[in-house]
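Proteins get letters first, then strands, A, B, ... in listed order; numbering begins at 1 in each.
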Amino acid sequence: MNKHFALAGNPNSGKTTLFNSLTGATAHVGNWPGVTVDKREGTYKKLAEPIDIVDLPGIYSLSPYTSEEIVSRNYILDEKPDCVIDIVDATNLERNLYLTTQLLEIDVPVVVALNMSDVLRKRGTEIKIDELSKRLGVPVVAISALKGENLDELMVAAYQACEKKREGVSVIENKDLAHLIGDVKIAFEGKEVANPLFHAVKLVELDEIETEMHPDLLPMVEAFKKTFEDDTFGSDFEALIADARYAFISQHFHDLLPSAASAEKDEKGKEKAKTTTDKIDRVLTHRVFGLIIFAAIMFLIFHFTFSENFLFTFIRIENPGVINFFTGMASEDFAIIDEATEEILGYEMIGIPSPGVWLQSWFGWFTDSLIIGKLGEVMPEAWYTSLLLDGILGGLSAVMSFIPQILLLFLFIGILEDSGYMARIAFILDRAFRRFGLSGKAFIPMLTGFGCSVPAIMATRTLEDDREKKLTIRLMTCFSCGAKAPIWALLATVGALAGFQGDVFVFTIYLGGILAAVLYAIILKFFSKDTYVSPFVMELPEYHLPQFRNVMALLWEKLKHYVIKAGTIILACTIVIWFLSNFGWNFWAYNSFVDEEFDMQWSILGTLGQGFRFFYYPLGCLEGGWTYGEDGWKYAVSIITGLIAKEDVVATMAELGLVEGAIALNAAGVYSFAAYNLFTIPCFAAIGAAHGELKGKEFWLTLAWWFGMSYVASAVLYWAIELWILAWWGGLLLTLALLGCIVWFAIVVEKRNKAAALAAKAE
Amino acid sequence: MLKKLDTLKVGETGRIKMVGGEGRLRRRLFDMGVTPGAEVKVKKLAPLGDPMELTIRGYELTLRKAEAHLVEVEVEGNE
């Protein structure tokens, strides 16, 4: 078995970047706490033997505050890595060393990697490495994870360290306390517990896990507690030990801490860096503009990615060739015809499309016209041609053509993530979120949910409170994930034809999702007795320029994920859909290849779809003449395949011929179809992730919630908009009634909250 | 004079005297460097007035007022 080294360190200390540099992996890095929620492994190959590197979640301490901390703690204690590489952010030495003092208590070789020392040097300070190493009693190597400086030296030092056994040392200098810890340690040794010192310190701290595991030793601590009295802390061991650690750090590293080492020089350097972050924050977290800027940033991202009319201009171009270049989609649809002479006067465009739409239409043109078109010319008319072109390529190219837009969207999200703005969003929104029983921290998994529900559901692990975690998972579908983006992009095109702005449509979907989440949170809170809101204690990292490499790593990960999914589950689905839609129940007698009169409506899929359609009647999948028209069953089928993976929605629509201008949805249809796909079960993978995070009943309730609330929301939306279209006053009345209900409900909730707050105060 | 941390104005600095609360929250505050003796400065408030941004031990920490209320600070004041 290979030797394995664990990477431990504070969030934002550059741990994942180091992991990527060491292993060549492209794990996703973000400039906010909680990017690595589970451990990840890779291999370092430049030493005499291959070394397995395990990247642990970023933690501030080894106390069991969040499940990430428990993951890291258990890994180091139970899996016994050969060496722990502790990454310490040199620009934030004091808080980072706090974790180091805890790691030192474990009987494991430790090497400190002093990261970002190059940044310090630039600021005109340097930490004396030898001195630091001497005082900590473990090797220290100055590295730059970002630039890849000194990484080999670090690994050599770790390799040498892992050859020797190391016994845990405590930094607690209070004599009486050290004595108590010593006694408890001996008791642990008597019980033959590994890492006796670590356990002893934690037990003295009255750490939850420890007191549960070793209740027999507790009386020892309790007895001592009675005899102990500190001037400042009384017998509060928890505070005493935390204080002792920080005391040790400031005492021993005072002269090494940049602020003191060369105070003047550094003041300047530090001031400069600080003021950059301050200056940015003065605008981005401004009291008045903060929220407006947040909304504006979100809108710009969607506008840039999804807008069919980027500059809000209407243009008329005489030469179709030019349009083709600008849009890749000039067609008869846009021709302006002189009614008298039937002469084409020119081509009217809705406007210049955004870069996202522009790329998407070119990509689509490439696959549709070049690949599928050319193959169609050369291949004989046979079932396999149909399978390849209509089934596989038709479905896949529909899914693949959205790659540019997805990448563009994630380019923006990646920049926001890597720059440090995400943590600010939590900061800005916390107050608003708290009203609904969530903390601003819950917004971080939710933001991840805009990327993919699967890691987002896993990221709820960073939430301390189980109720909040459950709520966040339930609300996750409200945050439109990347796989849903193709649906919106497709509907945006439809919307453009139906007369409304594509980007506005997409923006309302994202915004509507967030508003729905708020509404659902109020509803769910109403039915829960618990009024507890978990605390919000979070670091605001300094802003830094997004690293090209980190953003690219994110894009690469997304691309890989998307393509793999398209090549496996989506591919399988397209083949199944192709078969079901081209064959009748008596396969060989009635299919599209033997029967010229074959009507897809009577294929296996068609008949099944007719059945599903009844179920989706309330959402507008009605018999001819209504919104979804005769194609109602096709929408029903698309919805069903979307439960497997959301990319399937577009793939299925393409296969069933719903893409090329064949969609005749009105606004009600577009929105109800969108709402259902947005709120329902995200995909099989997300169900799996939810199963991993929630227990038994909670899991099934969550599935039921996703299923039920998407149905209700979509039906309400459909009938409300339909009513607006049929009779505006009816729509107005219904809308007012609905809004009235919401307001009434909010007032009731608010009253209850106030009563609860008063009751709490009275206590 | 002694004050609760949440009552400090933006720009005010104080030295932590006592950290109240209990259980995990208190533990967390300690882990994040909010310990007696540490110097803390209120940097700003979020747009909706809460949470607050603090500078402590050379980095930026954000806390809700409810959590800050648990922290008692000694402020050099002439009031």
Side-chain angles (χ1 to χ4, degrees), chain A residues 59-66 69 89 91-95 98-99 205 207-208 232-233 238-239 241-243 245-247 250 257-259 270 274 277-278 281-282 285-291 294 423 426-432 434 439-440 464 533-542, chain B residues 2 4-6 9-74:
Chain A
I59 49 173
Y60 293 106
S61 161
L62 290 174
S63 52
Y65 184 67
T66 59
E69 292 181 343
D89 176 358
T91 61
N92 197 346
L93 202 57
E94 199 173 1
R95 205 204 53 228
Y98 182 78
L99 176 68
E205 279 179 356
D207 172 292
E208 278 170 48
T232 358
F233 300 100
E238 202 178 7
I241 291 179
D243 180 67
R245 294 188 198 283
Y246 275 113
S250 43
L257 289 177
S259 47
K270 206 164 184 178
K274 277 268 185 277
T277 290
D278 280 350
D281 260 345
R282 218 169 284 163
T285 59
H286 187 272
R287 287 207 74 144
V288 182
F289 304 119
L291 284 165
F294 168 63
F427 175 67
I428 290 176
L429 293 178
D430 179 70
R431 185 65 228 277
R434 193 157 25 123
S439 71
E464 301 100 40
V533 177
S534 67
F536 182 69
V537 182
M538 195 182 72
E539 180 188 359
L540 288 178
E542 273 182 36
Chain B
L2 280 178
K4 297 282 187 190
L5 179 56
D6 62 320
K9 289 189 201 72
V10 173
E12 245 182 310
T13 307
R15 190 168 290 278
I16 296 174
K17 267 308 226 214
M18 194 202 79
V19 178
E22 54 186 16
R24 292 157 118 204
L25 170 60
R26 186 152 186 265
R27 173 85 245 154
R28 185 54 159 196
L29 290 172
F30 288 149
D31 288 344
M32 298 303 281
V34 184
T35 57
E39 197 167 275
V40 60
K41 180 181 174 191
V42 178
K43 210 165 156 201
K44 65 157 47 173
L45 297 178
L48 297 172
D50 193 18
M52 53 205 312
E53 182 181 343
L54 311 169
T55 306
I56 187 164
R57 296 191 189 274
Y59 79 103
E60 266 64 55
L61 178 72
T62 146
L63 282 187
R64 271 198 209 121
K65 284 192 167 166
E67 281 105 47
H69 189 71
L70 303 171
V71 180
E72 215 162 73
V73 285
E74 170 89 60

Report the option among A/Leu291, A/Thr285, A/Leu429, A/Asp207 that has the most heavy-atom pairs separated by less than 4.5 Å from atoms of chain B. A/Thr285
Relative to chain A, which segment of B/Met52 carries a heavy atom at a distance below 4.5 Å: side chain, backbone, both, or neither? backbone
Residue part contacting chain A, namely of B/Leu29, when any heavy atom lies under 4.5 Å: side chain
Between [X] and chain B, which part of the residue has a heavy atom less than 4.5 Å away: side chain, backbone, both or neither?
X	value
A/Asp281	both
A/Tyr98	side chain
A/Ala247	neither
A/Arg282	backbone

If you measure from the Lys or Arg side-chain nitrogens to the Asp or Glu carboxylate oxygens, is any gap between [X] and [Y] under 4.0 Å?
X	Y	value
B/Arg28	A/Glu69	yes
A/Glu208	B/Arg27	no
B/Lys4	B/Glu72	yes

What distance do B/Leu5 atom CG and B/Glu67 atom CD have between them, rounded to the nearest 0.5 Å? 11.0 Å
Donor-acceptor contact present, side-chain B/Arg15 to main-chain B/Glu39, <3.5 Å: no
Between B/Leu61, B/Thr35, B/Asp31, the one whose heavy-atom pairs under 4.5 Å with chain A are most numerous: B/Asp31
Using only heavy-atom distances, determine whether the side chains of B/Arg57 and A/Ser250 contain a donor-acceptor pair under 3.5 Å. no
